[in-house]
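Contents: one structure, followed by commentary.
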Amino acid sequence: MLPAVDFELEALRSRVAALEQLLEVHEATALAQTVRLENIVNSITDGFIVLDRSWRIIYFNKVAEQTFLQMSKKTADLLGRSVWREFPDLVGTEVFDRYHKALESQQPETFEFSYVQIGSWFEIHVYPSSDGLSLYFQDITARKKAEQERDQLLRTEKAARLELEIKSEEVRKLNAELEQRVQRRTAELENAMKELESFSYSVSHDLRAPLRTIEGFSHALLEFYASQLNEKAREYLGRIAAAANHMAQLIDSLLQLSRVSRSDLMFEQVNLSEIVIDIVKILKETSVDRRVQTKVRLNVHAAGDKKLLYIALQNLVSNAWKFTSRKDDAVIEFGLTEKANALACFVRDNGAGFDMAFASKLFRAFQRLHHEKEFQGTGIGLATAQKIIQRHGGTIWAEAAEDKGATFYFTLKDLQIKHEPALYFAS
Ligand SMILES: Nc1ncnc2c1ncn2[C@@H]1O[C@H](COP(=O)(O)OP(=O)(O)O)[C@@H](O)[C@H]1O
Ligand SMILES: [Mg+2]
């Protein structure tokens, strides 16, 4: 037969066998490579999808598959299908625009996308090639939510700070207004005080001048025309003079009350006992017909304004003097005692006293418990004494009973006996 043909056939067969063997080796290598590549692609934590130039899905990794499952997509059906047909809600979105742009320009694209339909955020990297697009994506919903929460917190904080600023501004304005109001009020008050001062001045001068005229002419009438006047006329003139005198006293007391209310306090150590002794001495000199036994605790000191404390004690001691005037065995005492765990001074007498039911009324101006015919007065003395004690930070009160005498107590700062043992001055 044709040995040459046989030989050639044999050679061809062995060539084919060799080629088949080579192909097998190549196929095995290719498979191994594919598996390796697939392993690599599946080991990355990003989602990975490959699209061809006609937008067909030609590959996706495990992470991408998980995402599709979350969207209730049947992953088995996806390969080879058009991405826009499978996900029509993405048509016209930023995803759609960016993919097209990347494919046309052949430039990579990176962007964040909120997939509203599934409530998730993705960061997407698009890498174009002549075959289509490779897409890497990561679910960044947790990070975005944290960012949104942080933004919300920042906005809330900013709003709170703004509100605080507005409130502080309001407070500042209110303070400024208040300051202005205080200044205005102070100015008004100063004005009112000045008016009061000039009023007091005109009262003392303008009211006293006509009073002096009345007093002067009634005395002149009594002195020079007494022989021409009958008994009745002389009595009337006497009454006119007495009324004018009473009015002069009223004016003096009111002026004194207004003066002690506003004069500046000059604090010093004051020996109250000496003041009382001085007042008693003057009272005894001016009414020699009175027989009054006085007992004064010596060296009672306090911190205060000497002139004002003199006026207060003068009012208290002269009241004791006056309201004992109907007693034969009048006794007036000045001393220091403990009242309600505090030291208090007192001026005590055994005179007319009064009903304690009216005790609180006494300290109001013009309030008198005794009739003018019985005991003369203006009713301003205790109001003046109280004003002085209060301006020194002390209190004043009374204890009395009708026909059993009265005791007036008052407290002052630094009230004390300077030198023990206790000494009394009696007269
Ligand atoms: N030592 C006292 N004993 C009794 N009553 C007093 C005594 N001191 C004050 N009073 C009563 O308090 C009133 C008010 O006193 P005061 O303001 O000094 O006015 P005045 O001495 O001008 O009457 C007196 O009218 C009198 O009724
Ligand atoms: Mg009096």
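Start at 1 and go down the list; that is how both ligands and their atoms are numbered. Note that this is a predicted model, so its numbers are computed, not measured.
Closest to atom 23 (O) of ligand 1 among all protein heavy atoms lies R368 NE, 2.6 Å. Of all protein heavy atoms, the one lying nearest to atom 8 (N) of ligand 1 is N319 ND2, 3.3 Å. Looking at atom 19 (O) of ligand 1, its nearest protein heavy atom turns out to be G379 CA, 3.2 Å. For atom 1 (N) of ligand 1, the nearest non-hydrogen atom of the protein is D349 OD2, 2.9 Å.
Electrostatic pairing of R172 and E169 counts as a salt bridge here, judged by a charged N lying under 4.0 Å from a carboxylate O. With respect to the salt-bridge test (charged N to carboxylate O, under 4.0 angstrom), the residues E149 and K145 do not qualify. The pair K144-E112 counts as a salt bridge, with a side-chain nitrogen and a carboxylate oxygen less than 4.0 angstrom apart. Using a 4.0 Å cut-off between charged side-chain N and carboxylate O, R161 and E165 make no salt bridge.
Minimum interatomic distance between L229 and R234 (heavy atoms only, all atoms of both residues): O-NH1, 2.9 Å. T141 approaches W121 most closely through the heavy-atom pair OG1-N, 2.9 Å.
Taking the side-chain hydrogen bond (donor to acceptor under 3.5 Å, both in side chains) definition, one finds that T324 meets it with R290, sequence neighbours left out.
For ligand 1, the atoms closer than 4.0 angstrom to any heavy atom of T378 are 22 (O). Residue-ligand proximity, G377 to ligand 1, at heavy-atom distances under 4.0 Å covers atoms 22 (O). The atoms of ligand 1 that sit less than 4.0 Å from any heavy atom of L382 are 9 (C), 12 (O), 14 (C), 15 (O), 16 (P), 17 (O), 18 (O). For ligand 1, the atoms sitting less than 4.0 Å from at least one non-hydrogen atom of Q367 are 13 (C), 14 (C), numbered in the order shown with element in parentheses.
When side chains are defined from C-beta on, L51 does not count as touching I58, because their heavy atoms never get closer than 4.5 Å. By the 4.5 Å heavy-atom criterion applied to side chains, Y99 and E109 are not counted as neighbours.
An N or O contact shorter than 3.5 Å is missing between A352 and ligand 1 by distance. Annotation: K322 places an N or O atom under 3.5 Å from an N or O atom of ligand 1; distance criterion only. Distances between N or O atoms of L362 and those of ligand 1 include no value under 3.5 Å. An N or O contact shorter than 3.5 Å is missing between F323 and ligand 1 by distance. The shortest N or O to N or O distance between Q376 and ligand 1 is not under 3.5 Å. Between G381 and ligand 1, at least one N/O pair is under 3.5 Å apart.
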Between Y310 and D278, is the side chain to side chain contact (heavy atoms under 4.5 Å, CB included) condition met? List the steps. CA-CA 10 Å; Y310 194 104; D278 190 54; 2.6 Å; yes
Run the side chain to side chain contact (heavy atoms under 4.5 Å, CB included) test on R326 and F375 for me, step by step, so that the C-alpha distance in whole Å, both residues' side-chain angles and the decisive distance to 0.1 Å come before the verdict. CA-CA 10 Å; R326 284 157 190 261; F375 300 99; 3.7 Å; yes
Steps toward side chain to side chain contact (heavy atoms under 4.5 Å, CB included) verdict (E38, Y59): CA-CA 10 Å; E38 190 133 359; Y59 182 80; 3.7 Å; yes
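The closest approach between G351 and ligand 1 stays at or above 4.0 Å for every heavy atom of the residue.
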Enumerate, atom names and distances included, each donor-acceptor pair closer than 3.5 Å involving a side-chain atom of residues 388-398, sequence neighbours excluded.
| unit_1 | atom_1 | unit_2 | atom_2 | d |
| --- | --- | --- | --- | --- |
| R391 | NH1 | V260 | O | 2.8 |
| R391 | NH1 | S261 | O | 3.3 |
| R391 | NH1 | S263 | O | 2.7 |
| R391 | NH2 | S263 | O | 2.8 |
| H392 | ND1 | I388 | O | 2.9 |
| H392 | NE2 | D305 | N | 2.9 |
| T395 | OG1 | T411 | OG1 | 3.3 |

Can you give the donor-acceptor pairs under 3.5 Å from side chains of residues 173-192 to other protein atoms, not counting sequence neighbours?
| unit_1 | atom_1 | unit_2 | atom_2 | d |
| --- | --- | --- | --- | --- |
| T186 | OG1 | V182 | O | 2.5 |

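Among protein atoms, those of element N, O or S found less than 2.8 Å away from the Mg ion (ligand 2) are N319 OD1.
With a heavy-atom cut-off of 4.0 Å, T384 does not touch ligand 1 at all. Contacts between F408 and ligand 1, counted as non-hydrogen atom pairs separated by less than 4.0 Å, involve the side chain only.
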